[in-house]
Amino acid sequence: MRTALTIAGSDSSGGAGIQADLKTFAAHGVFGMSAITAVTAQNTQTVTRVLALSPDMVTAQIEAVIADITPDAIKIGMLANAGIAEAVALALRRYRLSNVVLDTVMIAKGGARLLDEDEAIDVLKERLLPLAAVVTPNVPEAEALTGMTIETVNDLERAARSLIEMGARAALVKGGHLEGPAIDVVHDGRQMIRLESPRIGTRHTHGTGCTLSSAIAARLALGDDLEAACRAAKTYVTEAIRRAPGLGRGHGPLRH
């Protein structure tokens, strides 16, 4: 059985974070494992509290998993602060982990900040970006990473190129914040691919970014190449949004 490890925060409402990742892994027939970076108190409307774990505890979880079951892919989500980001980067280098999908989680749907300080963003750019098989920012995250303003699909492509220049091996920049069809772009340094699906008119989009990145990790664990993994993940997320169960009074979860 193929395996995947998610390194991310816990979402008490079950729609994003570790919980969304494990559900997505299971839906793809991949055995999921986790290293929790932070505990959040949240629901579909808001995040009320965030408690980051110590970097040592995050490292201990990663080491405990790897000592027994080597993951075929890694998904990295919420890192909370620079200390945790640095600890994760060190673990990736020490154990030479591959098929790393870096989801640059910075701000929750309701606006809560999930990555504390500018120093953490610097660690993410300088230490984690070069270790990832693919980085998957949304528009605000790509703007924070590249310093660009993104308003069009052409801007998504410029941002993807910039992320490659910054050291990423591949970038999938998500266009969910733009108007029109839901277009993401994938760039691997050689070719630029547009992944397009109809935009579904719904407020039930909690955890879409977590779900997309964990679906890519699951497909990589199963042996897909990057393009195939991204295409399959895009289809999976689109259908998970379309079939959302309609839970909660805010941004409801998907049907994983």
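The two residues Leu22 and Gly32 have their closest heavy-atom pair at CD2-C, 3.7 Å. Contact record, Thr205 with Thr208: O-CG2, 3.2 Å, taken as the closest heavy-atom pair. Nearest heavy atoms, Ile183 versus Lys234: N-NZ, 4.3 Å. Between Ile150 and Ala142, the shortest heavy-atom contact is CD1-CB, 3.6 Å. Of all the heavy atoms in Thr44 and Pro253, the pair that sits closest is CG2-CD, 4.1 Å. Shown here for Ala20 and Cys210, the closest heavy-atom pair between the two residues is CB-CB, 4.4 Å.
Taken together through direct or relayed side-chain contacts under 4.5 Å among Ile, Leu, Val, Met, Phe, Trp and Tyr, Val123 and Val88 form parts of separate hydrophobic clusters. Under the 4.5 Å side-chain contact rule for hydrophobic residues, Leu163 and Val153 share a cluster. Taking hydrophobic clusters as Ile, Leu, Val, Met, Phe, Trp and Tyr residues chained together by side-chain heavy-atom distances below 4.5 Å, Ile62 shares a cluster with Leu79. Leu220 and Val30 fall into different hydrophobic clusters, where Ile, Leu, Val, Met, Phe, Trp and Tyr residues are linked whenever their side-chain heavy atoms come under 4.5 Å apart, directly or through other members. Cluster annotation: Val101 and Leu212 are assigned to the same hydrophobic cluster (Ile/Leu/Val/Met/Phe/Trp/Tyr, side-chain heavy-atom contacts under 4.5 Å, transitive).
Between the Arg169 side chain and the Leu131 main chain, a donor and an acceptor come within less than 3.5 Å of each other. No donor-acceptor pair closer than 3.5 Å links the side chain of His256 to the backbone N or O of Lys23. Between the side chain of Glu141 and the main chain of Asn138, a donor-acceptor pair closer than 3.5 Å is present. At least one donor-acceptor pair closer than 3.5 Å links the side chain of Asn99 to the backbone N or O of Asp72. For Thr24 (side chain) and Ser214 (main-chain N/O), no donor-acceptor pair under 3.5 Å exists by modelled atom type. The backbone N or O of Thr70 lies less than 3.5 Å from a partner atom in the side chain of Thr3, making a donor-acceptor pair. The backbone N or O of Ile36 lies less than 3.5 Å from no partner atom in the side chain of Ser34, so there is not a single donor-acceptor pair.
For residues 213-246, the set of pairs meeting the ring pair (Phe, Tyr, Trp, His ring centres under 6.0 Å) definition, not counting sequence neighbours, comprises His28-Tyr236. Pairs engaging residues 205-222 under the salt bridge (charged side-chain N to carboxylate O under 4.0 Å, His left out) rule: Arg219-Asp224 [sequence neighbours left out]. The salt bridge (charged side-chain N to carboxylate O under 4.0 Å, His left out) analysis of residues 239-250, with sequence neighbours excluded, yields the pairs Glu239-Arg242, Glu239-Arg243.
Under 3.5 Å, the side chains of Asp11 and Thr40 contain no donor-acceptor pair of N or O atoms. Judged purely by distance below 3.5 Å, without hydrogens or angles, the side chains of Gln19 and Ser10 pair a donor atom with an acceptor atom.
In this structure, the separation between CE on Met33 and CG on Asp68 is 9.0 Å, given to the nearest 0.5 Å. Rounding to the nearest 0.5 angstrom, the gap separating the OG atom in Ser98 from the CD1 atom in Ile74 is 8.0 Å. Going from atom CG of Asp188 over to atom CD of Glu227 covers 8.5 Å, rounded to the nearest 0.5 Å. Between Ser213 atom OG and Asp21 atom CG the span is 6.0 Å, to the nearest 0.5 Å. Note that the CG atom of Leu222 and the CE atom of Met1 stand 9.0 Å from one another [nearest 0.5 Å]. Between Thr136 atom OG1 and Leu172 atom CG the span is 6.5 Å, to the nearest 0.5 Å.
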Residue pair Ile200, Thr238: steps toward the side chain to side chain contact (heavy atoms under 4.5 Å, CB included) verdict: CA-CA 8 Å; Ile200 300 167; Thr238 300; 4.1 Å; yes

Verdict with supporting geometry, Ile241 and His204, side chain to side chain contact (heavy atoms under 4.5 Å, CB included): CA-CA 7 Å; Ile241 295 171; His204 299 294; over 6 Å; no

Leu129 vs Met166, side chain to side chain contact (heavy atoms under 4.5 Å, CB included): CA-CA, chis, key distance, verdict: CA-CA 8 Å; Leu129 205 65; Met166 291 166 61; 3.8 Å; yes

Side chain to side chain contact (heavy atoms under 4.5 Å, CB included) evaluation trace for Leu145 with Leu124: CA-CA 9 Å; Leu145 291 169; Leu124 193 152; 3.8 Å; yes

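A heavy-atom distance below 4.5 Å is found between the side chains of Pro71 and Ile66. In this structure the side chain of Thr104 reaches within 4.5 angstrom of the side chain of Val135, judged on heavy atoms. A 4.5 Å side-chain heavy-atom check between Arg93 and Arg127 finds at least one atom pair inside the cut-off. At least one side-chain heavy atom of Asn81 sits under 4.5 Å from a side-chain heavy atom of Ile84. Contact annotation: the side chain of Leu226 approaches that of Val134 to within less than 4.5 Å [non-hydrogen atoms, C-beta and beyond]. Two residues are said to be in side-chain contact when any heavy atoms from C-beta on lie closer than 4.5 Å; His187 and Ile164 meet this criterion. Inter-residue side-chain proximity for Leu5 and Lys75 is flagged as unmet; no heavy-atom pair is nearer than 4.5 Å. Side-chain contact check for Met106 versus Pro140: every heavy-atom pair is 4.5 Å or farther apart.
For Arg199, the salt bridge (Lys or Arg N to Asp or Glu O under 4.0 Å) criterion is met by no residue, not counting sequence neighbours. Under the salt bridge (Lys or Arg N to Asp or Glu O under 4.0 Å) criterion, Glu63 pairs with Arg94, not counting sequence neighbours. Residues satisfying the salt bridge (Lys or Arg N to Asp or Glu O under 4.0 Å) test with Arg194, not counting sequence neighbours, are Glu157.
When each of Leu195, Leu156, Ile193 is tested with Val185 by the rule side-chain contact (heavy atoms from CB on, under 4.5 Å), just one qualifies, namely Leu156.
At a threshold of 4.0 Å, the pair Arg231-Asp225 does not count as salt-bridged, since none of the basic side-chain nitrogens sits closer than that to a carboxylate oxygen. One finds no salt bridge joining Glu165 and Arg161 here, because no Lys/Arg side-chain nitrogen approaches an Asp/Glu carboxylate oxygen to under 4.0 Å.
For Gln191, the CD atom sits in a packed shell: over 12 heavy atoms of surrounding residues, nucleotides or ligands are nearer than 6.0 Å.
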